[in-house]
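Residue numbering restarts at 1 for every chain, and letters A, B, ... go by the order of the sequence lines. From a predicted model like this one, the values you see are computed outputs, not experimental measurements.
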There are 2 protein chains.
Amino acid sequence: RDAGTHRSFFAAAATRATERGFRLDEFALSAPNMRPERLSELLRVRGIHGVLVAPLPGQQVSLDFDFSEFAVVGLGTSVSQTPIDRIADDHFYAAKLAYEQCRALGYRRIGLSITASISRRLEHRWWSGYLVAQQQAAPRLAIPSLMPETRDQIPPLLNGWISRHRLDAVIFALRDESQMGCAPPHVGLVSLSVPQPAGQVAGIKQDEAGLGAGAVDLLVATLT
Amino acid sequence: RDAGTHRSFFAAAATRATERGFRLDEFALSAPNMRPERLSELLRVRGIHGVLVAPLPGQQVSLDFDFSEFAVVGLGTSVSQTPIDRIADDHFYAAKLAYEQCRALGYRRIGLSITASISRRLEHRWWSGYLVAQQQAAPRLAIPSLMPETRDQIPPLLNGWISRHRLDAVIFALRDESQMGCAPPHVGLVSLSVPQPAGQVAGIKQDEAGLGAGAVDLLVATLT
C-alpha cells in the first residue's frame with residue numbers, strides 16, 4: 001500500500017466522521033517522544049473513545065498498544081495479531097472476478113504475480129481467489145504463481161515464468177504499473193489495484209473512500 | 001444450513017434488536033397469499049424501515065423483492081444477485097485454519113469433502129481456504145477435493161477417494177456427523193461447522209449468535 005491509498009482512507013474517514021457529528025484527529029505512534037502509554041493517556045485526557053488504526057507499515061501485524069479501553073476499527077487487514085474489528089476489500093472476490101473476466105475475454109493460460117510479503121499481509125486472500133477460479137475453470141491447469149519475496153525480484157523473473165508456462169495473461173497484484181511494462185506485448189495484463197477506475201491498465205479499483213467511510217460507520221455503531 | 005442454525009440467528013438477532021430499542025418481527029415471503037408487493041405494503045404500513053434477510057433456501061441467490069426503500073442486511077452469503085450488505089462467517093479463514101491445525105497435529109495428506117452446491121453458495125470460500133493452505137504447506141500436493149453435487153453422493157464415493165489419494169485426514173464441510181462415520185477409523189476427521197464447541201467432532205464452531213447480533217448492529221447503524 002502506498003501513501004496515496006492512506007490519504008484516500010483518511011480523507012474519506014474524516015469526511016464521514018464530520019457528517020456523523022464526530023471529529024477525526026491523527027496521532028502517530030511513530031512520532032518522536034511518543035510511546036504507547038503516552039498515547040493512551042493523551043486519548044483519555046481528550047475524551048477520545050474510538051480509534052481507527054491505519055494500515056501498519058511493512059510486515060507489521062500487531063501494534064504495541066493496549067486497545068482494551070477503546071472502541072477500535074482497523075483499516076485493511078494488517079492488524080492480525082490482536083483480534084480487532086477490521087474493514088477491508090474482499091480480496092478473494094476481486095481476484096476471482098479478475099480471473100473470470102480474463103476467461104470471458106478469451107484468455108486461457110492466466111498467471112498470478114504477487115510478492116510473498118503482500119500475499120501474507122492479505123492473509124493470501126488474493127491468491128485464494130486466483131486458485132479457486134483456476135480450479136473451477138480449468139481443473140487440470142496448475143500454473144504456479146510468481147511469488148518472490150519482494151517487488152524488485154519480479155521483473156528479472158517475469159518473462160521466463162511467462163514463457164515457461166506459455167501464459168497469455170498475467171494478473172498483477174502490484175499498484176506499480178511500470179513493472180507490468182516488462183511483459184511481452186501479446187500477454188494480457190490485469191492489475192488487482194488500479195489507481196483510477198478508467199486508467200490505462202485494466203483491473204480492479206479498490207474502494208478506498210468506501211472503506212474509510214465504512215470504518216467510521218462501524219466505529220460510530222460501536223460507540224453509540 | 002439447517003433449521004437450528006436459522007433459529008440461532010433469529011434468536012440472537014431478536015435479543016440484540018430489543019437491547020438496541022428495536023423489535024424484530026418475522027415475515028415469510030413463502031407464506032400463503034403473500035406476494036412481494038403485499039409484503040412491501042405491509043412493512044410500509046407498519047412503519048418498518050429495516051429488513052434482515054434470512055439465508056435463502058436451497059440454491060436460491062436472489063429474492064423477488066424490491067429492497068430499494070428499506071435498509072437491508074443479509075444473514076450469510078446466500079443473497080448474491082442483489083448487491084446488499086451481508087454479514088457472514090469468514091469461511092476462507094476457517095478452512096485455512098482447519099487445514100493448518102491438521103498439519104500441526106501431524107496430518108500430511110489432507111482432503112476436503114464438500115458438496116458443489118454448498119461450495120457455490122459460499123462463493124467457494126471454504127474451498128479457497130483449503131487450496132491456499134495446501135499450496136502453502138505442500139506446493140506439490142494437489143489432492144482433488146471430493147465435490148459431488150449433493151450430500152447423498154458423498155458416502156458411496158468417500159472411501160475410494162480416501163484410499164486413492166492415501167488421505168490421513170479429511171475436512172468435511174458437512175454439519176451432518178453421521179456421514180463422517182463412513183470414513184475408515186485411521187483417518188482424522190474435521191468438520192467446518194460443528195454444532196457445539198466441545199462436541200464429539202473436532203472442527204470449527206461458527207458463531208451464529210455473533211452473526212445475528214452483528215447483523216442487527218449493522219442494520220441499526222444504517223437506520224440511525
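Here the CD-OH distance, from Gln135(A) to Tyr130(B), works out to 9.0 Å after rounding to the nearest 0.5 Å. Here Asp217(B) contributes atom CG and Thr222(A) contributes atom OG1; the two are 7.5 Å apart, rounded to the nearest 0.5 Å. Note that OH of Tyr93(B) and OG1 of Thr77(A) are 12.0 Å apart. Values are rounded to the nearest 0.5 Å.
Scanning all heavy atoms of the two residues, the minimum distance from Ala221(B) to Ala221(A) falls at CB-CB, 3.6 Å. Scanning both residues, Val132(A) and Leu131(B), for their nearest heavy atoms gives CG2-CD1, 3.7 Å.
No more than 12 heavy atoms of other residues, nucleotides or ligands shown are found within 6.0 angstrom of CG on Asp64(A).
Heavy-atom pairs under 4.5 Å with chain A peak, among Met147(B), Glu123(B), Arg20(B), His124(B), at His124(B).
For Arg125(A), the parts sitting under 4.5 Å from any heavy atom of chain B are the backbone and the side chain alike. For Asp85(A), no part lies near chain B; criterion is any non-hydrogen pair under 4.5 Å.
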